[in-house]
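A note on names: the letters A, B, ... follow the listed sequences, proteins ahead of strands, and every chain is numbered from 1.
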Amino acid sequence: MERRGLGPRVRRRRLRHQAVRTARARRQGQPPARLPQANLTSPGDPSVLRDDLASALRATLGAAGVDAPDDVHLERPARREHGDWSSNVALATAKRAGRNPRELGQQLVDLLSADPPTHVTKVELAGPGFVNFHLADDWLHAVLREVVVDGVDGYARPDLGHGRRVNVEFVSANPTGPLHAGGGRWAVFGDALGNLLERTGHVVHREYYLNDRGNQMRLFGASLAAAKAGEPTPEDGYRGGYITDWSAEMPDGVDPAAWGYDRVKRDLRDSLGSIGVQFDTWFSEQSLVDSGAVEATLAELRANDMAYDADGATWIRTEQFGDRKDQVIVRSDGEYAYLLPDLAYHRDKFGRGWELLIDVWGADHHGYVPSLKAALRCIGHDPDELELVLGQLVKLIRDGKEVRLSKRAGTLVLLDDLVTQVGPDVARLTFLLQSLDTTQTVDLDAITSQSMDNPVYYVQYANARIHSIAKRATEQGVARVPLDAADLSLLVHERELEVLRILEQLPDVVRLAALERAPHKVATWVRELADRFHGFYHDCYVMGEGVAPELTQARLWLVESARIGLAIGLDLLGVSAPETM
RNA sequence: GCGCUUGUAGCUCAAUUGGAGAGAGCAUCUGACUACGGAUCAGAAGGUUGGGGGUUCGAGUCCCUCCAAGCGCGCCA
């Protein structure tokens with residue numbers, strides 16, 4: 001049964017675990033806000049093992065006469081021969097202690113070897129001074145047990161938020177036409193981020209801000225009316241094919257702008273729904289004017305001398321809070337500039353009880369960040385209560401050429417078209433596999449014509465195999481014994497252990513992905529789990545001749561743990577887990 | 001001009017936030033058990049991480065500097 005050893009492909013990098021500042025926070029030069037820095041593990045979490053090792057190291061450092069650092073760093077080494085856990089404390093502290101790293105490391109190794117922590121079979125000094133821990137396989141069997149006992153709802157659910165109320169605003173494309181395919185990136189990202197925050201102990205609200213007033217809306221209505229009347233599109237108007245289509249739907253005698261607004265809202269809602277994204281609130285900018293919230297915000301600014309009149313316009317004092325310059329909030333023609341209603345909107349979100357606001361924007365708006373943050377300070381809010389997640393834009397390729405997107409020019413690849421062609425799962429995973437930090441290149445021909453190569457099938461196939469095994473077991477009358485009755489110590493095949501090693505990482509992956517606002521880490525992990533499961537499936541038969549019944553039982557539980565891990569990961573991504581393909 | 005972001009295998013992307021020999025998928029080539037679904041698995045090949053300098057025991061990651069690309073710098077939204 002043990003067919004062959006593992007090649008290099010299974011020796012992969014492991015996720016680190018320490019508390020981190022978010023990439024976003026670093027980029028914006030902020031402190032880590034209120035992200036928890038410690039105590040991130042729950043009782044029963046497999047990382048208690050890591051905590052054990054850390055405290056053992058801490059104690060040992062003390063015995064060696066060296067002050068332990070605040071963060072005794074432990075990580076999963078990339079290479080198997082470096083053990084299961086590794087620490088660089090000797091390297092990190094040697095200099096300050098005036099010691100030689102290897103000499104200090106050796107002392108730690110000697111002390112630890114004399115009284116090894118639980119599961120530890122060997123402690124070694126390696127390289128420039130790493131202390132490497134080798135563990136007995138049963139630590140991974142404990143992981144399996146925990147995954148199964150905690151289940152889909154309980155495993156990998158670190159409480160980072162403690163119920164903190166987070167409002168996530170994303171997409172918020174202007175309501176003047178359908179969503180283009182690139183917009184799917186924001187939709188899917190924001191939704192998956194919401195899932196991550198929910199899983200990590202936050203109360204999440206998904207919100208879409210509709211800029212339903214101003215010149216663009218007027219132009220949109222005028223464009224519809226013109227198309228219906230067979231007249232030329234107004235200057236700077238919208239001329240996409242949807243204008244023609246919609247104008248044909250538009251009844252006589254209606255206000256084109258109002259009718260168009262309803263039409264576009266329905267379209268946005270349907271398109272987003274088709275990739276599984278639902279908003280809790282569609283917030284109208286106009287409603288802020290109607291309710292007086294904009295005027296109230298303006299009055300508050302004036303009352304606190306945060307606004308002043310000059311050159312016929314009204315300005316807000318944002319420069320004192322780090323903006324390039326003060327900004328106009330009421331133009332000399334009396335119209336509100338974009339910032340004022342937007343500020344009123346954010347004020348409203350706080351007013352509704354949201355403690356942290358996350359706005360997901362395209363990087364083309366980054367220049368606006370300092371203005372909005374400064375404006376928030378002008379109304380007395382800590383700018384850290386607003387977090388901007390900026391993402392690079394999507395570049396669409398068709399026929400080997402970039403497709404430039406413009407609603408006005410009418411060159412559109414619609415999100416609807418994409419989803420119709422490839423389905424929501426492919427669309428979601430395509431967008432989610434990639435970090436928001438890089439410009440995403442989507443080759444439309446590749447993801448449509450070669451859709452069978454899409455990683456989503458690789459992952460879903462693993463799930464199908466899991467259920468196929470279950471079905472097979474049922475057919476053969478093999479019932480799973482209770483977990484406690486299974487002898488997990490039979491799971492010693494490298495393929496089995498690799499599955500458990502990746503499952504062990506899931507809580508860290510979830511935590512990191514949530515803290516860093518980086519759902520792509522979950523996507524990467526899911527693919528990795530699928531990869532290891534396929535390897536296990538290939539080399540380790542669960543049932544069949546030559547497989548002892550006890551081994552079958554242990555492997556059935558391993559399969560169950562993989563099912564749970566896959567379910568958690570796919571659920572976070574909003575990708576379905578079909579039982580058959 | 002100033003600012004932000006990006007630059008990793010032919011292509012699309014990862015990389016435990018400073019760790020050990022930079023990893024996947026696609027594409028190319030070569031293989032795989034008469035058993036649970038071959039949409040799978042194994043192997044080969046592919047790299048001066050844009051260039052150069054610096055900090056460090058250690059740099060794709062941090063600093064400086066060049067190069068290239070995208071974006072932003074409005075009484076637009």
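Of the P atoms belonging to B:G52 and B:U8, the separation is 16 Å, rounded to the nearest Å. Comparing the same atom, P, in B:C33 and in B:A14 gives a spacing of 37 Å after rounding to whole Å. A distance of about 38 Å separates the P atoms of B:C63 and B:A27, rounded to the whole Å. For the C1' atoms, the distance linking B:C41 with B:U6 amounts to 36 Å, nearest Å. As rounded to the nearest Å, B:C66 and B:G47 have P atoms that lie 30 Å from one another. A gap of 37 Å separates the C1' atoms of B:C71 and B:U28, to the nearest Å.
The side chain of A:Thr438 lies closest to B:U6 when the candidates are B:A42, B:C4, B:U6.
Checking B:G7 for Watson-Crick or G-U wobble geometry (two distances, each under 3.5 Å) identifies B:C67 as its partner. In a base pair of the Watson-Crick type (N1 to N3 plus N6-O4 or O6-N4) or a G-U wobble (N1-O2 and O6-N3), with each distance short of 3.5 Å, B:A44 is matched with B:U28. When both distances must be under 3.5 Å, the Watson-Crick or G-U wobble mate of B:A39 does not exist. Partner assigned to B:G74 is none, using Watson-Crick or G-U wobble distances below 3.5 angstrom. Summarising the base pairing, B:G19 is matched to B:C57 through a Watson-Crick or G-U wobble pair whose two defining distances lie under 3.5 Å.
A donor-acceptor contact under 3.5 angstrom links the side-chain atoms of A:Tyr541 to the base of B:C33.
For the pair A:Gln327 and A:Arg472, nearest-nucleotide mapping onto RNA chain B gives the more 5' position to A:Arg472. The nearest heavy atom of RNA chain B to A:Thr580 and to A:Ser87 marks one nucleotide each, and the one closer to the 5' end goes with A:Ser87.
Using a 4.0 Å heavy-atom distance criterion, A:His534 is classed as a sugar-phosphate-only contact. Here A:Lys95 lies in heavy-atom contact (under 4.0 Å) with sugar-phosphate atoms only. Residue A:Pro128 is in base contact, counting any heavy-atom pair closer than 4.0 Å across all strands shown. If you check every strand for non-hydrogen atoms under 4.0 Å, A:Ala446 touches nothing. Counting any heavy atom pair closer than 4.0 Å across all strands shown, A:Asp311 reaches a base atom. Within 4.0 Å of A:Ala363, counting heavy atoms only, lie sugar-phosphate atoms of the nucleic acid but no base atom.
No side-chain donor from either of A:Gln553 and A:Arg480 sits under 3.5 Å from a side-chain acceptor of the other.
In this structure, A:Asp437 places its CG atom 8 Å from P of B:G7, rounding to the nearest Å. One interatomic measurement links the two molecules: CD of A:Glu528 to C1' of B:A15, which rounds to 11 Å at whole-angstrom precision. Here the P atom of nucleotide B:A59 and the CG atom of A:Asn88 are 15 Å apart, to the nearest Å.
Taking only side-chain nitrogens and oxygens, A:Tyr461 comes nearer than 4.0 Å to OP1 or OP2 of B:A39.
For A:His82 and B:A20, the ring-to-base geometry satisfies the stacking test (centroid distance below 5.5 Å, interplanar angle below 30°).
Using a 4.0 Å cut-off between a side-chain N of Lys or Arg and a carboxylate O of Asp or Glu, A:Asp508 and A:Arg511 qualify as a salt bridge.
A side-chain donor-acceptor contact under 3.5 Å links A:His366 to the backbone of A:Ala363.
Considering A:Tyr209, A:Tyr338, A:Tyr336 as possible partners of A:Tyr345, the one that fulfils the ring pair (Phe, Tyr, Trp, His ring centres under 6.0 Å) test is A:Tyr209.
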